[in-house]
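A quick write-up on the structure given underneath.
No experiment lies behind these values; they were computed from the predicted model shown.
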Amino acid sequence: MLILLFLIFILLLFITYYLFDKDYMAPPFLFCAVYIISIGSALINYTQWGLQDYSVTPFLILLGGALIFIFVGYLIKKLVCNQIPDNYDRVLASSRININIGISLFLVILNLWILYLTFKSVKAIGGNGSLSQVIEAYRAITSYGTDTSMSIPGYIQQLQKIPTICAYIYPFVLIFNIVKGYVNKKDWLFSIANVLIFVLMSMILSNRLNILGMVGTIIIYYFVLKQSPSNNQNVKSLFKLLGIFVGLMIFFYSIRLLVGRSNSADSSFMDYITMYVGGPVKLFDMFIKNPIHDASIWGKETFISMIGTVRDLGGNIPVYLQHKEFRTYNGIQLGNVYSAYRNWLADFGISGIIILQTLFAIFYNYYYYLLQRKNIIKHKLAFIIYGYMAEGIFLHPIDDWLFSIYLSIGMIIYLILFFVLYNLITRKVKF
C-alpha cells in the first residue's frame, strides 16, 4: 500500500512540474516533493517498521491532501497568474538593495546581546554541566513539563524575534544582489553574521527545525528571483536542491548530541534521518489504529498559539503539554511527530482535514501567485514574509505550522517587526 502511495506521489510530482510551468518553487511541486522524501524515508525501513500492513485510511488522507493542494493550486494559478514570471529580468532592471551600515552594525551587536540573554536563560533552567547536558535538561523541562515558571522570560522571547527576522532579511538582500550581479563584501558580512547568530540561538534552544526552515526559505528566495521564461529551471537546478538537502541532513545529524538528543548517540546516520523524516508516515498510521487524544479542549492540537493567547487573556483553559506522545514499534523508537494531518484529524475528524487542508492550500497558493502577478520585485517585503511562512509547506509532513504557529498574536508582532526592520535596514520600503 505504501509503495503504491510513493509511486503515485512521484507521478504527481511530474504532473505538477508540467502543470505549473516547470516551476520547482510552485507550492504544489514543493508539497509533493517533501512528501516523496518523507514516504521514501519510511520505505527504507519497510520491514523493520511493519509498513506492509499500512492502513487504507492514512493512504487516502495523504493522497487526498495532495490532490486538494494540487487542485486548489492549479485553480488559483489559472485565475490569478497564468503565466511564467520574469523575475530574473526584473531583478536585472532594478537597483541593487543597499544596506544601512550603521543600523546593521547596531543590529549585530543587539542580536549578540539577545543571544547571550538566551544562553543565560537556558543555562538558568538547564542547570550545570556541559553545553549539551544543559540544552538537553532545558529541552526536557520546557518541552515536557507544564510549569510555566520554568521558561525563558517573556521579554527575551519577544527579543528573539529580532535576530530571527534579521536571519531572513539579510540573506534576501544578499541573494537579490547576487542574482543582480552587484554584490559586495558588506552584503556577505552582515548576512553571514546574522545567519550565524540565528543558528547558534536555535541550537541553544534545541530547535533544529528553525535552521532547516531558514535554509528552505533561502532556497525559495534564490530560485524564485532567478525565474524567467528564457531561463527555465532545469535538471541541474534539481540536483543542486538535492545536494543542499543531503548537506542539511548531514548537519542535522551532526549536531544531534550537541542540542540534547543523547538517546540517539548510537544511531547511524541513515537510521536517525529516516526516523526523523519518515517516522511521521508510520506514526500517523499508528495514531489512526490507536488514537490517543484528549478532546476536552477544542482545537488543542491545531490552534495551540491562539489557545495560549486566550488563556493569557483570562480564559479558563488549563495548561497542557503541547508535545504529542512518543511511540515505538517492535522496540524501535519512532519519535512523536505525526504530520499536520494528525492535529486536524484529532481535533476535527476527516471533515476537519478536508477543510483545513483546503484553507492551507488556498493560503499558500494564493499568496505565491498573487505575488507573481503583482511583481515580486515591487513587493520585496511581502516576498520575504512569504519565504518565512513557506516553511509551513516544507514541514507539513512533520507538523502543521500555519494554524498552530502563524495564526497567532505573535505573528502579528512578527509582521510589524519585519516592516520596521526592513525599513531600517534598507532605508526605504515599499510593501
Side-chain angles (χ1 to χ4, degrees), residues 107-168 170-171 189-218 246-273 275-277 279 321-324 326 333 335-337 391 395 398-399 405:
L107 285 172
V108 168
I109 295 171
L110 175 63
N111 290 338
L112 286 171
W113 178 63
I114 295 170
L115 178 65
Y116 167 74
L117 291 178
T118 299
F119 172 74
K120 186 178 178 181
S121 298
V122 167
K123 188 168 178 57
I125 296 170
N128 297 320
S130 66
L131 179 60
S132 60
Q133 290 173 333
V134 170
I135 293 175
E136 183 170 16
Y138 163 80
R139 176 172 172 266
I141 293 170
T142 57
S143 297
Y144 305 105
T146 57
D147 184 357
T148 55
S149 66
M150 297 297 288
S151 62
I152 292 178
Y155 79 93
I156 296 179
Q157 294 183 41
Q158 296 305 316
L159 285 173
Q160 287 168 353
K161 291 180 170 65
I162 297 174
T164 299
I165 292 169
C166 289
Y168 289 85
Y170 282 101
L189 177 63
F190 287 115
S191 181
I192 292 173
N194 283 283
V195 166
L196 182 59
I197 290 171
F198 176 75
V199 168
L200 290 174
M201 185 176 76
S202 298
M203 291 172 63
I204 290 170
L205 294 172
S206 189
N207 194 334
R208 293 169 297 172
L209 282 182
N210 283 348
I211 302 172
L212 296 182
M214 179 197 63
V215 175
T217 296
I218 292 173
V246 172
L248 274 176
M249 291 302 98
I250 293 173
F251 173 77
F252 196 80
Y253 175 76
S254 301
I255 65 171
R256 72 194 190 287
L257 300 181
L258 179 61
V259 297
R261 268 66 172 186
S262 59
N263 60 345
S264 63
D266 298 325
S267 299
S268 68
F269 171 77
M270 190 60 69
D271 287 342
Y272 185 76
I273 294 302
M275 182 275 291
Y276 204 92
V277 179
L321 275 179
Q322 298 178 4
H323 288 268
K324 303 170 184 68
F326 285 87
Q333 178 61 252
N336 68 332
V337 288
E391 295 174 12
L395 298 175
I398 295 176
D399 205 348
I405 296 178

Measure the spacing between [atom1] of [X] and [atom2] of [Y] and express it to the nearest 0.5 Å.
X: Tyr116; Y: Leu200; atom1: OH; atom2: CG; answer: 16.0 Å
X: Trp113; Y: Thr118; atom1: CH2; atom2: OG1; answer: 10.0 Å
X: Tyr170; Y: Ile218; atom1: OH; atom2: CD1; answer: 14.5 Å
X: Ser132; Y: Arg139; atom1: OG; atom2: CZ; answer: 13.0 Å
X: Leu115; Y: Leu159; atom1: CG; atom2: CG; answer: 12.5 Å
X: Cys166; Y: Leu110; atom1: SG; atom2: CG; answer: 8.0 Å

**OP:** Go through the steps for Phe119 and Leu131 under the test side chain to side chain contact (heavy atoms under 4.5 Å, CB included), then give the verdict.
**Re:** CA-CA 10 Å; Phe119 172 74; Leu131 179 60; 3.7 Å; yes
Original post:
Hey, mind stepping through Ile156 and Lys120 against side chain to side chain contact (heavy atoms under 4.5 Å, CB included) and telling me if it holds?
Top reply: CA-CA 11 Å; Ile156 296 179; Lys120 186 178 178 181; over 6 Å; no
Looking at every heavy atom in both [X] and [Y], which two are closest together, and how far apart are they?
X: Met214; Y: Glu391; answer: N-OE2, 3.5 Å
X: Val108; Y: Ile197; answer: O-CD1, 4.0 Å
X: Tyr276; Y: Val337; answer: O-CG2, 4.5 Å
X: Ile152; Y: Tyr138; answer: CD1-OH, 3.4 Å
X: Ala137; Y: Gly126; answer: CB-O, 3.3 Å
X: Gly335; Y: Met275; answer: N-SD, 4.2 Å

**OP:** Evaluate side chain to side chain contact (heavy atoms under 4.5 Å, CB included) for Ile211 paired with Met203, printing each intermediate quantity in order.
**Re:** CA-CA 9 Å; Ile211 302 172; Met203 291 172 63; 3.9 Å; yes
Original post:
Could you walk me through whether Met201 and Asn111 pass the side chain to side chain contact (heavy atoms under 4.5 Å, CB included) check?
Top reply: CA-CA 10 Å; Met201 185 176 76; Asn111 290 338; over 6 Å; no
**OP:** Just jot down the ring pair (Phe, Tyr, Trp, His ring centres under 6.0 Å) partners of Phe198, sequence neighbours excluded, or say none.
**Re:** none
Subject >> Lys123: salt bridge (charged side-chain N to carboxylate O under 4.0 Å, His left out) partners, not counting sequence neighbours >> reply: none
